[in-house]
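Working notes, beginning with the structure itself.
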Amino acid sequence: MTLDVHTIPLIRAGIDTYRQPVVYMREDCHLCRAEGFSALTQVEIALGQRSIVAALNVVTDADWLPPDTAALSEAAWAALGAKIGKHAIFSHPEPPASASAIRSKVYGQRLDAAGCQAIISDTVAHRLSDLDLAAFITACAGDRLDIAETIALTRAMHGAGKTLDWGAGLVLDKHCVGGLPGNRTTPIVVAILAAAGFRIPKTSSRAITSPAGTADTMEVLAPVALDIAAMRRVVESEGGCVVWGGGLDLSPADDLLIRIERPLDFDSDGQLVASVLSKKAAAGSTHVLIDMPVGPTAKVRTEAAARTLSERLHAVGQAIGLTLRIHVSDGSAPVGRGIGPALEAHDLLAVLRRDHDALMDLRERALDLAGALLDLAEANGGNGREMARSLLDSGAAEAKFLSICEAQGGFREPGSAPHQSIETAGVGGAIREIDNRRIAKIAKLAGAPGRKHAGVRLLARPGDVIEAGQPLYEIHAETPGELGWAQDYARSGASPFRIGEAP
């Protein structure tokens, strides 16, 4: 029997490669030899009416993969609509149309709208390799995207996915630029605004580089992986929601670019703005509040950087039809006590329930943001913060939050981690500041956000006067090994707490 060098059967690899389609073939596969496929080659795979472009991983020693068979990652399997045993056609894809646009940007040329459109279209279609995407992201890093390029990139990213339509009237939203552990104001703000009678269909992300994203924390309390139909039902009944945006296909190129940006750890105002505002436009928002914490270890570190980023956000927001307000806040230290999904969930519930030991900084931040968003919506004659405070203090916000949770699939109380240890101060004095990045890394080493109950619980705050040996923070972990890793890092260098002489 003569083998057809263009088709081979498919099996499911059972490997999660996030959104990146990957195909696995043995090094002795006849098709690899015939077509000249090698590791990391981009391969076009066609099955029926569907086709995808996947990155090839060559398997050198694996009993699990039969000869002359291709195994697909979960992303590739779903995108192709594959079934076990089906034969797919394999070929070299056409060169991506955006290759010349990326090359031009690498050499310092400006991107026009057509170039941005080509890059985003090829990104979503997986026609660009990780190396191509890394080259594009690197070429845009720092200040290498001007305002016009940022607008073009935002429009291209918005146009590449679905857009939700909520009908006439205001659709409110908020976003935090990030870099501030424990800043879990979003569920509180959504509850207040929905209790005030406004629509606020909030789509949130999971953590990218932090110990918890809003979706991670909310998932401790209620289901967040809703599809668009379920999300719409929640908003129609309750006015608001807090759901994970990753499964809704809103600005899908953003998730693919973030996957490359994360290990590169490059900061680009242009890409940040395109990422945030393309998703807000795709979510159907009309009025958006941007919370911008500024501090020496936050994402935005100086007032000058905040002004530059604000100008870009306003320009792009106006160009794509969003009414935007920037709220600059203190980013010098973490917010609340908890850092990590369940620990942050405890904090936000304490605020909503008006507990006597609720963290005032989290409460006041949430009221500032809810009030600013109410003012943006022109509610209560410009006294939005007073309206927000009344809705929180009366219990209306708590009742609305519980109703939203029930509509999303049911409310549950957050638990706690079984392994905990306290870290103490080496010297006495006044706490001057807390390093956001170092304390966040300790929480991540403890297992957050993947381990929902892991993280750090702060026992002291900036301004406190302490003695040597006094507890500073508590590490929470779900396994002894992760507790040990976090302890080792916490004790290996400078403390996240900077302590000076007491006044």
Side-chain angles (χ1 to χ4, degrees), residues 98-120 122-123 128 130-160 175-180 205 208-210 251 253-281 288 290-320 322 324-329 331-332 436-437:
S98 61
S100 61
I102 293 174
R103 190 176 299 109
S104 294
K105 188 61 186 173
V106 167
Y107 283 102
Q109 302 300 310
R110 294 183 68 257
L111 285 171
D112 58 14
C116 289
Q117 182 65 54
I119 291 168
I120 296 305
D122 282 346
T123 299
L128 294 172
D130 286 358
L131 292 175
D132 293 326
L133 293 176
F136 171 60
I137 290 164
T138 304
C140 298
D143 262 344
R144 296 188 183 98
L145 285 178
D146 63 24
I147 296 291
E149 289 175 300
T150 306
I151 292 170
L153 184 61
T154 305
R155 285 175 170 155
M157 291 172 67
H158 173 209
H175 177 82
C176 180
V177 170
L180 200 57
S205 62
I208 299 172
T209 58
S210 69
S251 189
D254 184 49
D255 294 324
L256 298 170
L257 293 173
I258 285 172
R259 184 178 61 84
I260 305 299
E261 289 170 352
R262 185 183 303 159
L264 289 175
D265 195 25
F266 286 159
D267 287 325
S268 166
D269 280 2
Q271 288 179 331
L272 184 152
V273 170
S275 170
V276 171
L277 297 190
S278 67
K279 284 195 169 179
K280 297 308 171 191
V288 180
I290 304 292
D291 178 22
M292 191 181 297
V294 178
T297 55
K299 184 172 288 186
V300 181
R301 300 188 184 183
T302 66
E303 294 293 336
R307 285 192 298 272
T308 300
L309 182 56
S310 296
E311 290 169 3
R312 190 182 296 258
L313 282 161
H314 277 300
V316 177
Q318 183 177 22
I320 66 172
L322 292 176
L324 204 69
R325 177 173 293 184
I326 311 297
H327 178 82
V328 177
S329 58
S332 61
N436 289 311
R437 298 187 177 201

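- Without hydrogens or angle criteria, Arg155 side chain to Cys116 main chain gives no donor-acceptor distance under 3.5 Å.
- With sequence neighbours excluded, the residues that form a side chain to side chain donor-acceptor pair (under 3.5 Å) with Ser332 are Asp330.
- Residues Ala101 and Ile119 come closest through the heavy atom pair CB-CD1, 4.1 Å.
- The distance from atom CG of Leu257 to atom CD1 of Ile120, rounded to the nearest 0.5 Å, is 5.5 Å.
- Here the closest heavy-atom approach between residue Ala319 and residue Ile151 is recorded as CB-CD1, 3.7 Å.
- Applying the side-chain contact (heavy atoms from CB on, under 4.5 Å) rule to Ser205 yields no partners; only residues at least two apart in sequence or on another chain are considered.
- Closest approach of Val294 and Ala306 over heavy atoms only: CG2-CB, 3.8 Å.
- Evaluation of the side-chain contact (heavy atoms from CB on, under 4.5 Å) rule for Arg144 yields Ala141 as partners, not counting sequence neighbours.
- With hydrogens and angles ignored, the 3.5 Å screen pairs a side-chain donor or acceptor of Thr302 with a backbone N or O of Ala305.
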**OP:** Applying side chain to side chain contact (heavy atoms under 4.5 Å, CB included), run through Val276 and Val288 and close with a yes or a no.
**Re:** CA-CA 10 Å; Val276 171; Val288 180; over 6 Å; no
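- Considering only residues two or more places apart in sequence or on other chains, Arg312 meets the salt bridge (charged side-chain N to carboxylate O under 4.0 Å, His left out) condition with Asp143.
- Looking only at side-chain heavy atoms (C-beta outward), Met157 and Thr123 stay at 4.5 Å or farther from each other.
- In this structure, OG1 on Thr150 lies 11.5 Å from CD1 on Ile320, to the nearest 0.5 angstrom.
- Under the rule for a side-chain contact (heavy atoms from CB on, under 4.5 Å), the partners of Ile326 that lie at least two apart in sequence or sit in another chain are Ile290, Met292, Ser310, Leu313, His314, Leu324, Val328.
- With sequence neighbours left out, Lys279 forms a side chain to side chain donor-acceptor pair (under 3.5 Å) with Asp254, Asp255.
- Contacts of Asp122 classified as salt bridge (charged side-chain N to carboxylate O under 4.0 Å, His left out), with partners at least two apart in sequence or in another chain: Arg127.
- Of all non-hydrogen atoms in Ala315 and Ile147, the two that sit nearest each other are CB-CG2, 3.8 Å.
- Residue pairs satisfying the side chain to side chain donor-acceptor pair (under 3.5 Å) criterion with at least one member in residues 107-117, sequence neighbours excluded, are listed as follows: Arg110-Asp146, Gln117-Ser121.
- Looking at residues two or more places apart in sequence or on another chain, you find a side-chain contact (heavy atoms from CB on, under 4.5 Å) between Thr308 and Asp269.
- A distance-only check finds a donor-acceptor pair linking the side chain of Ser104 to the backbone of Ser100 [under 3.5 Å].
- Applying the salt bridge (charged side-chain N to carboxylate O under 4.0 Å, His left out) test to every pair with at least one member in residues 290-309, sequence neighbours left out, gives no pairs at all.
- Taking CG from Leu133 and CD1 from Ile102, the interatomic distance works out to 6.5 Å, rounded to the nearest 0.5 Å.
- Considering only heavy atoms from C-beta on, Leu277 stays 4.5 Å or farther from His175 through its side chain.
- Atom CD1 of Ile258 sits about 13.0 Å away from atom CG of Leu264, to the nearest 0.5 Å.
- Tested against Phe136, the residues Leu111, Leu128, Val106 include a single side-chain contact (heavy atoms from CB on, under 4.5 Å) partner, Leu111.
- Considering every non-hydrogen atom in both Ser278 and His158, the closest pair reads CB-N, 3.8 Å.
- Under the salt bridge (charged side-chain N to carboxylate O under 4.0 Å, His left out) criterion, Lys280 pairs with Asp173, sequence neighbours left out.
- Taking OG of Ser268 as the reference point, atom CD1 of Ile137 lies at 9.5 Å (rounded to 0.5 Å).
- With sequence neighbours excluded, no residue satisfies salt bridge (charged side-chain N to carboxylate O under 4.0 Å, His left out) with Arg103.
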